[in-house]
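Labels below follow one simple rule: chain letters A, B, ... track the order of the sequence lines, proteins then strands, and each chain is numbered from 1.
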Amino acid sequence: MERGEGVWKKVHPLLPELAAMIIGRSRSIDSPDTPDTPEHTMSNPTAMIYLDNAATTRCDPRVVEAMLPYFSEHFGNAGSRNHRFGWEAEDAIEKAREQCASLIGAQPKEVIFTSGATESNNLAIRGVANLYAKAPAGSPGRGHVITDIIEHKAVLDPCKRLQREGFDVTYLEPNADGIISREMVAAAMRPDTILVSVMWANNEIGTINEVPQIGALCHERDVILHTDATQWAGKMPVDVEADHIDLLSWSSHKIYGPKGVGGLYVRRRRPRVRLEALVDGGGQERGMRSGTQNVPGIVGFGKACELCAASGDAERQRLLALRNKLEAGLTSAMDVVQVNGHPTKRVPHIANISFGFVEGESLMMGIAEIACSSGSACTSASLEPSYVLKGLGVGDDLAHSSLRLSFGRWTTEAEVDHAIVSITAAVNHLRAMSPLYDLHKEGIDVSKIEWQQH
Amino acid sequence: MAYSDKVIDHYQHPRNVGAFGTSGEVKGRKDVGVGIVGAPECGDVMQLQIRVTPEGRIEDAKFKCFGCGSAIASSSLATEWIRGRTVDEALTIKNTQIVEELALPPVKIHCSVLAEDSIRAAIEDWKKKNPGATPASAMTAAPTAAPTAVPATTA
């Protein structure tokens, strides 16, 4: 793949400057003399080690390259049906729709472009519930929805809204391994169940739910299945037919595409799934999502899907080896280190690890050169630890002590080696001043002490 | 959220980390007061141990802390401020002074509260062990070894 100056000049004389502005940091490090830098050895844009790829990923320069012509050159509105500018935009969107559909084994017409997975989740859940409601708005008994307590807020909050609007919602609770099984869903099914919404892989711990099995169950019972596949699609194989998916949300920026764009797969045959739109207007996206399409974003999302489909199994194996190395390195270096979630049924790019007797936010402070997330109260205003870890029955103390480390296309083995050394040093530094670690060494069970709550 | 330089300094170089003995050992020592506040479920536990003369002067202070960087810095700073002070002087330290010194943001104010509470709890424990003690007056001049960083405690 060519990444030299020439590519930009071919497109537009102004674009090299634009490109430099957009991906300036990587270009300044990637010497222009070596445009063929292999993907995985490409220089890190900063001195930081980025292990927060479950939060967002670096946009792939090849994606940026595909998007650039759609800002200032092919800037048309896909809704302009009677001139070249509009046709170009429409062609670009339809090509992207094919790329996105191909990633998940869908027909292009079944893909709706949105602003991201949050919107896709809202559209799927509220759109289905409102259209398939068993009683008119304002009355009770409008129908039943099944979801689970470790979903992302973008699923939980729309479900809470449905409850206020007269729907019943069952929130399944996983076992300690974090997995939502077909049996759990089957046990919660009712005659008035309309919709099941279960995420494919959990964003905090990476556990894999039994989505294809749950899909088969839903199709047996004429219930619609929605899955939030934000941490799955693009990383793991999807076949919406074989996996019995009716609605699938996914996001561009988690798979090396731009932010602000995502997709919702809406099944068109066996069964045809209908939705009530959340945004009304010009009738774009087959009336399910009005508003002028984000052409550059959609082009980038399409390219990102194409690249993910191409990287396939080799990339999964590479990420899995990195994760296994990190987990083995940390659990062998220290005592009371716990990998959260099922031991094997987890996506390869997410590791969630609790370090006993050490608070997560202070741990992150000790590894300032590593960007990652914590299950502790670090989410600014809230002092509650992760509801996902609590949902698994991980104690509050260990939930406060957790780090989520997530890998991506540019994560190297050297970075993982560095992370093992750095995290171990920080944990030891903090344990040396942890009163809880002292108690543990004295043989006192910290969880049995009656603490004076503050 | 960026940490202030002082918080980072206390985090990297915590002052007076440690203890005068295990929890069992210090229980029987009349010259040591222990304060443990917070709870692991809340993400903060502070342990402050003070060694006090019969006259009520805090000769030495040691802390251990499970908590965020601001909690560690607050307890580290507390030990600096109380060493060399009388127990009465130490009791005048307010959490707001800790907030100011470490430039803690509003979401971290509870860390400073915890540090103030740990001082009170440790002194209370010492007083309980020494019911007859007559703490030296706050007017007594502090020894030269006393930290100079202690702010005015007139508030």
Side-chain angles (χ1 to χ4, degrees), chain A residues 336 354-368 374-386 389-390 394-402 425-454, chain B residues 1-4 7-19 21-26 34-49 62-76 79 105-111 113-118 120-121:
Chain A
V336 201
S354 291
F355 303 88
F357 323 113
V358 165
E359 196 274 335
E361 189 180 333
S362 61
L363 180 52
M364 291 216 290
M365 205 172 154
I367 50 169
S374 168
S376 88
C378 73
T379 50
S380 60
S382 150
L383 293 178
E384 284 294 303
S386 155
L389 292 175
K390 287 175 78 170
V394 173
D396 276 6
D397 53 336
L398 277 178
H400 277 293
S401 306
S402 73
V427 170
N428 288 333
H429 172 70
L430 290 165
R431 282 184 175 174
M433 57 175 126
S434 170
L436 305 181
Y437 193 53
D438 283 351
L439 292 170
H440 168 71
K441 282 187 297 184
E442 285 174 41
I444 297 166
D445 185 348
V446 173
S447 65
K448 298 282 193 301
I449 296 176
E450 242 179 70
W451 294 95
Q452 163 216 333
Q453 297 278 333
H454 192 73
Chain B
M1 176 182 53
Y3 294 98
S4 70
V7 169
I8 292 170
D9 184 46
H10 277 283
Y11 173 86
Q12 287 172 341
H13 312 286
R15 330 290 201 255
N16 310 311
V17 173
T22 64
S23 54
E25 286 163 7
V26 294
V34 181
I36 302 181
V37 296
E41 304 82 63
C42 307
D44 300 285
V45 174
M46 275 184 202
Q47 172 186 294
L48 180 65
Q49 296 192 353
K62 298 275 187 203
F63 87 93
K64 290 247 169 171
C65 179
F66 163 86
C68 65
S70 303
I72 290 168
S74 297
S75 38
S76 170
T79 62
V107 70
K108 294 299 181 186
I109 286 174
H110 73 279
C111 299
V113 173
L114 219 50
E116 184 189 319
D117 287 353
S118 71
R120 292 179 184 284

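Each of B:Gly67, B:Ala19, B:Pro14 has some count of heavy-atom pairs under 4.5 Å with chain A, and the biggest count is that of B:Gly67.
Using a 4.5 Å cut-off between heavy atoms, A:Ala368 makes no contact with chain B at all. Heavy atoms of A:Leu439 lying under 4.5 Å from chain B belong exclusively to its side chain. In this structure, the portions of B:Val45 lying under 4.5 Å from any heavy atom of chain A include both its backbone and its side chain.
Residues forming a ring-ring contact (aromatic ring centres under 6.0 Å, His included) with B:His10 (at least two apart in sequence, or on another chain): none.
Contact between A:His440 and A:Val446 at its shortest, heavy atoms only, is N-CG2, 4.5 Å.
Ring pair A:Tyr437/A:Phe357 is tilted by interplanar angle, where 30° to 60° counts as tilted.
One distance of note links CG of B:Asp9 with OH of B:Tyr3; it measures 15.0 Å at 0.5 Å rounding.
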